[in-house]
Amino acid sequence: MNAILNVLWLVLSGFWLAVGYLVAGVICCILIITIPFGLASFRIANYAFWPFGRTLTDREGAGVASLIGNVLWIIFAGWWLALVHLVTGILLCVTIIGIPLGIANFKLVPVALVPLGREIVPVQR
């Protein structure tokens, strides 16, 4: 079932979300000081490309640098990214077919809001 949902997600919105996050990651990596944000954008792109069957966990050893980076991320990018994922998720949940895609958008809200100090892991069944 995860594979079917991932393919449907990929065709309808996942590809474009991933491309957007990849472009943002490349731009952040070009600017030397924002490389951690670029790496976070690549991680979000990976998750946005194939979200079903995976989840977010806190990374061991993430400390004060991740906290400071997340505060900066929230101020400059995180709040509006999370808001876009939230609104898109609500709009997708209006239709029956869009409910799983809306849930996938809701899963992207936490990583879009605070990406540093997080990692993507497979769901244990």
Side-chain angles (χ1 to χ4, degrees):
M1 188 66 167
N2 284 337
I4 293 170
L5 288 171
N6 276 323
V7 169
L8 185 63
W9 169 262
L10 182 65
V11 169
L12 295 177
S13 63
F15 177 76
W16 296 111
L17 274 173
V19 167
Y21 280 116
L22 284 173
V23 168
V26 168
I27 291 169
C28 286
C29 284
I30 289 172
L31 307 168
I32 304 295
I33 198 163
T34 57
I35 286 176
F37 300 118
L39 297 177
S41 292
F42 293 145
R43 191 171 33 257
I44 298 170
N46 179 14
Y47 192 49
F49 190 74
W50 207 255
F52 293 97
R54 301 190 301 169
T55 189
L56 292 168
T57 61
D58 293 328
R59 190 178 66 223
E60 295 293 325
V64 176
S66 291
L67 177 67
I68 293 169
N70 278 331
V71 169
L72 292 173
W73 177 272
I74 289 170
I75 292 170
F76 292 110
W79 69 271
W80 63 269
L81 286 171
L83 184 65
V84 167
H85 284 298
L86 185 66
V87 169
T88 305
I90 290 169
L91 292 175
L92 284 168
C93 284
V94 171
T95 65
I96 292 173
I97 280 195
I99 290 173
L101 304 178
I103 291 170
N105 260 300
F106 295 144
K107 284 175 55 176
L108 285 165
V109 169
V111 74
L113 193 59
V114 284
L116 301 174
R118 312 291 296 269
E119 63 183 351
I120 301 161
V121 297
V123 173
Q124 301 296 325
R125 296 202 181 244

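All values below were derived from every heavy atom in this structure, side-chain atoms included, with hydrogens, water molecules and symmetry-related copies excluded.
- Clustering of Ile, Leu, Val, Met, Phe, Trp and Tyr by side-chain heavy atoms under 4.5 Å joins Ile33 with none of the others.
- Within the model, atoms CG of Leu22 and CG of Asn46 stand 9.0 Å from one another, a figure rounded to the nearest 0.5 Å.
- Not counting sequence neighbours, the partners of Val71 by the side chain to side chain contact (heavy atoms under 4.5 Å, CB included) test are Ile75.
- No chain of hydrophobic side-chain contacts below 4.5 Å, direct or via other Ile, Leu, Val, Met, Phe, Trp or Tyr residues, connects Ile99 to Val7.
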Taking only distance into account, with no hydrogens and no angle test, what donor-acceptor pairs under 3.5 Å do side-chain atoms of residues 101-119 form with protein atoms, sequence neighbours excluded?
| unit_1 | atom_1 | unit_2 | atom_2 | d |
| --- | --- | --- | --- | --- |
| Asn105 | OD1 | His85 | ND1 | 2.9 |
| Lys107 | NZ | Pro51 | O | 2.8 |
| Lys107 | NZ | Arg54 | O | 3.0 |
| Arg118 | NE | Asp58 | OD1 | 3.4 |

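- Here Phe37 pairs with Trp73 under the ring pair (Phe, Tyr, Trp, His ring centres under 6.0 Å) rule; sequence neighbours left out.
- Summarising the local packing, CD1 of Ile97 is surrounded by 12 or fewer heavy atoms from other residues, nucleotides or ligands at distances under 6.0 Å.
- Sequence neighbours left out, not one pair with a member in residues 4-25 passes salt bridge (charged side-chain N to carboxylate O under 4.0 Å, His left out).
- Sorted by first then second residue, the side-chain hydrogen bond (donor to acceptor under 3.5 Å, both in side chains) pairs that include residues 33-45, not counting sequence neighbours, number zero.
- Scanning for side chain to side chain contact (heavy atoms under 4.5 Å, CB included) contacts around Leu39 gives Ile35, Phe42, with sequence neighbours left out.
- Cluster membership check: Tyr47 does not share its hydrophobic cluster with Ile74, using side-chain heavy-atom separations under 4.5 Å among Ile, Leu, Val, Met, Phe, Trp and Tyr.
- Cluster membership check: Leu92 shares its hydrophobic cluster with Leu12, using side-chain heavy-atom separations under 4.5 Å among Ile, Leu, Val, Met, Phe, Trp and Tyr.
- Annotation: side chain to side chain contact (heavy atoms under 4.5 Å, CB included) contacts of Leu10 (sequence neighbours excluded): Phe15, Phe49, Trp50.
- The hydrophobic clustering, which links ILVMFWY residues whose side-chain heavy atoms are closer than 4.5 Å, places Ile44 and Leu86 apart.
- Among residues two or more places apart in sequence or in another chain, the side chain to side chain contact (heavy atoms under 4.5 Å, CB included) test is passed with Pro100 by Leu5, Phe52.
- Annotation: side chain of Ile120 is in contact with side chain of Leu56 (closest heavy-atom distance under 4.5 Å).
- Placement of Trp80 and Phe76 within a single hydrophobic cluster is found when ILVMFWY residues are connected by side-chain heavy-atom separations under 4.5 Å, directly or transitively.
- Annotation: side-chain hydrogen bond (donor to acceptor under 3.5 Å, both in side chains) contacts involving residues 87-97, sequence neighbours excluded, are absent.
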